[in-house]
Amino acid sequence: MTATAGQGLVVTRPGFFTLLQDAGRRGVMHLGLAAGGAMDRHAWAWANRLLGNAYDSAALEITFGNVEFTSELDTQIAVTGADAACTVNGEPRPLWSTLRLRAGDRVALGVPKSGIRSYIAVLGGFQVSRGLGGSCASFIREGMGSLNGDGCKLAQGDHLPCLSGLAPVANRKVPEGWRPDYKTPLSLPVILGAQVERFSAATLETFFQRPYTLSPQFDRMGARLKGPALAVTDNTLISEGTSLGAIQVPSDGQPIVLLHDRQTIGGYPKLGAVTPRGLDALAQRPPGTEVRFSPVALHQAQREEHEFLSFFNA
Amino acid sequence: MMFWRYEVTGVDTVTLHFGDRIDIALADRVHQAADAIAADMGDRLMDIVPSYTTVLLRYDLSRDDLSSLLSDVSDTLADLPAIGPGDSDGEVVDIPVYYDPSVGPDLADVADRAGMTVDQVIGRHSGELYHVFAIGFAPGFAYLGQVPEALAVPRQSTPRPKVPAGTLGIADTQTALYPLASPGGWNLIGRTPVTLFDPGRDQPSLLQAGQKVRFVPISRERYLELGGRLDDLPWREEAQAPASEGGQP
């Protein structure tokens with residue numbers, strides 16, 4: 001069989017916030033553009049892996065569920081992430097598993113019971129042209145990526161091109177023990193940075209011992225937390241490049257974790273950075289969730305990240 | 001041989017620090033270092049972000065590790081020739097600007113505060129050679145310095161909800177052009193017809209950190225000839241519009 005692009009999934013109910021996401025852009029931060037990419041890489045990468053897709057394949061990132069798509073072709077999909085009821089033509093189907101679709105089938109997701117972001121990957125990956133930084137990651141603020149290179153979230157009637165005629169993969173599912181429970185208490189591992197010296201020992205003790213609450217100001221740019229204020233001894237900082245997961249502390253003392261669509265330079269003192277694996281878990285928590293922080297050694301964080309990448313992106 | 005230190009800023013990022021002050025001599029060294037690292041490392045780095053005093057490096061953890069990266073960075077930096085103040089070879093980019101109250105609604109206010117005429121402000125602002133300290137805040141947004149002290153006006157207390165693309169502003173001793181329409185709190189003094197950021201171009205951002213910029217005053221006729229717009233000025237509506245939730249530089 002020869003694979004052809006053309007037929008695809010048609011968006012019949014776009015939901016609240018549905019984006020195309022891949023592994024993000026590379027080599028663009030010096031232009032003032034952040035990498036972007038899937039907020040929960042773990043669920044996103046599993047959806048692609050189940051279908052044997054390349055690590056970097058584009059998949060749908062659906063925030064708060066409530067979507068429906070109609071397939072124009074026979075293909076396979078995988079739905080991972082938030083615990084949202086999945087149906088095909090109204091019949092329940094499992095998450096974290098390959099699913100067969102026939103032309104004309106309608107696949108729908110309800111509102112999640114736990115977790116907030118669902119991922120849908122399709123056999124061969126969605127066939128969307130890649131722009132700056134080799135990526136089609138939707139970036140609404142800058143009007144880049146997505147279906148038409150305008151960064152827009154998906155709308156009713158949008159057509160997501162897929163490859164037809166691919167040989168199907170064997171049915172697979174993620175073993176039970178490997179599926180995360182997004183209701184477990186969250187402790188975010190933090191790699192401490194040198195600017196940690198701008199915080200007193202008592203302030204750091206507060207930060208690592210008291211709970212913080214994820215505020216409603218939580219989007220792809222950053223997550224604001226509410227809790228005991230953190231005093232900074234010196235808050236003048238010459239603007240510098242920002243890293244993924246950086247914990248900025250502005251003058252009100254309430255920490256902000258910088259995420260995938262952050263501004264690329266910033267001038268607030270930073271306590272450290274939440275690890276990417278921590279951010280994957282954070283991406284599934286709704287506002288109001290209690291969050292704790294725990295220091296992690298760089299080599300341990302790097303080992304975990306290395307294990308993640310060698311498992312999914314070997 | 002230049003002095004530098006590093007700070008781990010993430011699981012796959014490290015930030016090199018070269019000093020702790022904003023000045024052009026230090027920035028020249030930072031950008032010399034960034035260019036040399038970029039040239040030596042090529043695709044090995046996922047991102048390299050120079051700013052005023054720092055260079056952030058994002059590396060590929062599946063193919064690289066911090067100690068070998070720092071060892072190679074160290075070799076690159078050890079080989080750099082010393083540069084004195086003023087002998088940086090930064091490329092000069094000329095940017096045409098229509099300095100006028102119609103496109104720069106704060107021009108008269110800047111002149112009042114400086115005790116100058118509008119023409120004197122234009123002469124002083126365009127008479128300076130600016131250094132691109134950093135690109136950030138938004139795609140292609142270049143932080144340029146230094147503005148002569150006499151023209152250094154603090155940011156507006158209430159940012160404007162919408163500043164059209166190409167508008168030139170001053171905030172303290174910095175000056176910048178807004179590449180895309182966005183909220184902004186800088187004092188607006190003019191506008192360029194040039195497209196500063198276009199993701200479809202080979203060089204999406206007209207300006208790169210380390211370059212020098214000269215503003216060339218142009219007439220209204222020349223501004224329009226070069227494709228400058230006057231039909232998208234929001235100044236009249238701004239009194240009613242709420243400040244955006246979005247960030248501003």
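Hydrogens, waters and symmetry mates are skipped; everything else that's a heavy atom, side chains included, is used. Just so it is clear: chains get the letters A, B, ... in the order the sequence lines come, proteins before strands, and each one is counted from 1.
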Is any side-chain heavy atom of A/His30 closer than 4.5 Å to a side-chain heavy atom of B/Ser205? no

What distance do A/Gln302 atom CD and B/Leu61 atom CG have between them, rounded to the nearest 0.5 Å? 5.0 Å

Could you tell me which portion of B/Ile48 (side chain, backbone, both or neither) has an atom closer than 4.5 angstrom to a non-hydrogen atom of chain A? backbone

For B/Leu207, is it the side chain, the backbone, both, or neither that has a heavy atom closer than 4.5 Å to a heavy atom of chain A? neither

Using 0.5 Å steps for rounding, measure from the OG atom of B/Ser62 to the OH atom of A/Tyr55. 9.0 Å

Closest non-hydrogen contact found for B/Gly10 with A/Ile191 is C-CD1, 3.9 Å

Measure B/Thr13 against the heavy atoms of chain A and call it side chain, backbone, both or neither at under 4.5 Å. side chain

Decide, yes or no, whether a salt bridge links A/Arg26 with B/Asp60 under the criterion of side-chain N to carboxylate O below 4.0 Å. yes

Is it true that a side-chain atom of A/Thr264 and a backbone atom of B/Gly136 form a donor plus acceptor pair closer than 3.5 Å? no

With a 4.5 angstrom heavy-atom cut-off, which part of B/Gln203 approaches chain A: side chain, backbone, both or neither? neither

If I measure from the heavy atoms of chain A, does B/Ala134 come under 4.5 Å with its side chain, its backbone, both, or neither? side chain

Would you mind telling me which of A/Leu132, A/Leu33, A/Ile238 has the largest number of heavy-atom pairs within less than 4.5 Å of chain B? A/Ile238

Salt bridge (Lys or Arg N to Asp or Glu O under 4.0 Å) pairs, two or more places apart, involving residues 293-314 of chain A: A/Arg41-A/Glu305

On a heavy-atom basis, the closest approach of A/Gly241 and B/Thr54 is N-OG1, 4.4 Å

Per-residue contact mode, B/Pro204 against chain A (heavy atom under 4.5 angstrom): side chain

